[in-house]
Amino acid sequence: MKIGVIGGGQLGRMLSLAGTPLGMDFAFLDPAPDACAQALGEHIRADYSDQDHLRQLADEVDLVTFEFESVPAETVAFLSQFVPVYPSASALRIARDRWFEKSMFKELGIPTPAFADIQSQADLDAAAASIGLPAVLKTRTLGYDGKGQKVLRKAEDVAGAFAELGSVPCILEGFVPFTGEVSLVAVRARDGETRFYPLVHNTHENGILRLSVASSAHPLQALAEDYVGRVLDKLDYVGVLAFEFFEVDGGLKANEIAPRVHNSGHWTIEGSECSQFENHLRAVAGLPLGSTAKVGESAMLNFIGEVPPVDQVLAIADCHLHHYGKAFKAGRKVGHATLRSKDLATLKARIGEVEALIGKG
Ligand code: AMP
């Protein structure tokens with residue numbers, strides 16, 4: 001079976017690493033000449049709106065999936081005429097737009113911060129008055145790793161903020177005084193069977209995910225599964241979806257969903273029985289899902305800007321390196337390590353050992 005992937009970054013690369021043993025081949029459509037997934041499959045180097053090359057991809061593969069959600073809706077609609085596309089165009093349309101996704105959470109009874117649609121500075125002034133400050137202004141689409149958003153703390157921050165974000169459609173959200181950030185990675189098969197990985201506790205630095213620690217028997221696991229299940233069923237979703245939550249007042253508030261394999265699920269490659277990458281491929285290909293059970297304690301530490309000296313990373317016990325083969329650049333995710341252990345205290349010590357190597361590249 002040949003899988004077409006829109007996007008050829010590290011997520012595409014890890015999909016190929018998981019799918020190759022299942023007998024799958026891969027083609028990645030990505031305009032970047034140095035797309036790092038090209039080492040692991042065919043690289044169709046073309047723009048996402050290039051219909052000739054989209055048609056070529058559709059003709060070559062059995063199905064198409066995505067490694068990022070900001071794919072133009074027309075691209076998905078075009079491909080869907082010729083080849084099965086998972087997740088569906090309608091799921092992507094909602095997941096790529098913060099207004100659509102928060103409106104869906106509200107409709108499904110999933111708690112969210114207060115939010116408002118912002119089409120102008122006048123809308124922002126009115127929403128800031130009704131929601132109150134602090135609040136977070138975010139572009140409705142195309143934001144990632146903390147880009148395309150601004151925290152508004154005082155009245156002066158509100159003035160001109162719409163133009164600062166580019167005068168594009170935005171959403172204003174009440175600022176959540178969260179005690180933690182968690183995410184739930186789930187997979188849903190074509191027949192509706194759904195499985196959930198354990199909740200993961202996430203730590204961000206400058207808006208970029210730094211550390212994910214998989215939990216054991218988290219008290220909010222059942223609640224998170226309930227919320228995520230509602231979304232998966234509503235979207236008739238096929239594949240892996242990640243749901244990011246704020247932990248607040250002992251409960252959860254929805255932040256956002258990602259309709260794809262997710263950075264906070266990278267630990268599953270070595271830390272669970274079947275990784276998020278393999279389970280995504282099993283789901284879209286109509287194959288039986290694999291176990292999402294954790295094998296011991298597990299955490300993932302991102303390498304941002306550079307990968308520390310490989311020999312030193314590999315000298316740490318039960319530490320697994322993933323080097324994405326990308327050029328090193330400040331603020332860019334270029335690799336990660338999965339740490340495992342039998343107990344949490346050892347896991348924490350191993351995280352500390354890897355952290356001590358960061359900056360020594
Ligand atoms: P996002 O791109 O929406 O995931 O936002 C990136 C990060 O900004 C989140 O992981 C939070 O740390 C922070 N953040 C986003 N929205 C809010 C909010 N409404 N209240 C407080 N912090 C937020």
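First listed ligand is number 1; within each ligand, the first listed atom is number 1.
- One finds a salt bridge joining D226 and R230 here, because a Lys/Arg side-chain nitrogen approaches an Asp/Glu carboxylate oxygen to under 4.0 Å.
- Applying the side chain to side chain donor-acceptor pair (under 3.5 Å) criterion to Q121, with sequence neighbours excluded, gives D125.
- A side-chain hydrogen bond (donor to acceptor under 3.5 Å, both in side chains) with K294 is found for exactly one of S272, S215, S216, namely S216.
- At the shortest separation from atom 8 (O) of ligand 1 among protein heavy atoms lies Q149 OE1, 3.6 Å.
- Taking the six-membered ring for Trp, H336 and Y324 have ring centres closer than 6.0 Å.
- In terms of protein heavy-atom proximity, atom 23 (C) of ligand 1 is nearest to F246 CZ, 3.6 Å.
- Between G174 and ligand 1, at least one pair of N/O atoms sits closer than 3.5 Å.
- Scanning the protein for heavy atoms near atom 3 (O) of ligand 1, the closest one is K138 NZ, 2.7 Å.
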Apply ring-ring contact (aromatic ring centres under 6.0 Å, His included) to the pair F105 and F100, showing each step before the final yes or no. CA-CA 9 Å; F105 300 155; F100 292 151; over 10 Å; no
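- Scanning all protein heavy atoms for the shortest distance to atom 22 (N) of ligand 1 gives F178 CE2, 3.5 Å.
- Comparing heavy-atom distances from atom 9 (C) of ligand 1 across E181, E256, H204 singles out E181 as nearest.
- The residue from H266, E67, K326 that alone fulfils the side-chain hydrogen bond (donor to acceptor under 3.5 Å, both in side chains) condition with Q10 is K326.
- Counting heavy atoms closer than 4.0 Å to ligand 1, residue V151 contributes nothing at all.
- The protein heavy atom nearest to atom 19 (N) of ligand 1 is E173 OE1, 2.9 Å.
- Protein heavy atoms come within 4.0 Å of atom 15 (C) of ligand 1.
- Residues satisfying the side chain to side chain donor-acceptor pair (under 3.5 Å) test with R340, not counting sequence neighbours, are D318.
- Below 3.5 Å of separation, one finds an N or O of V176 facing an N or O of ligand 1.
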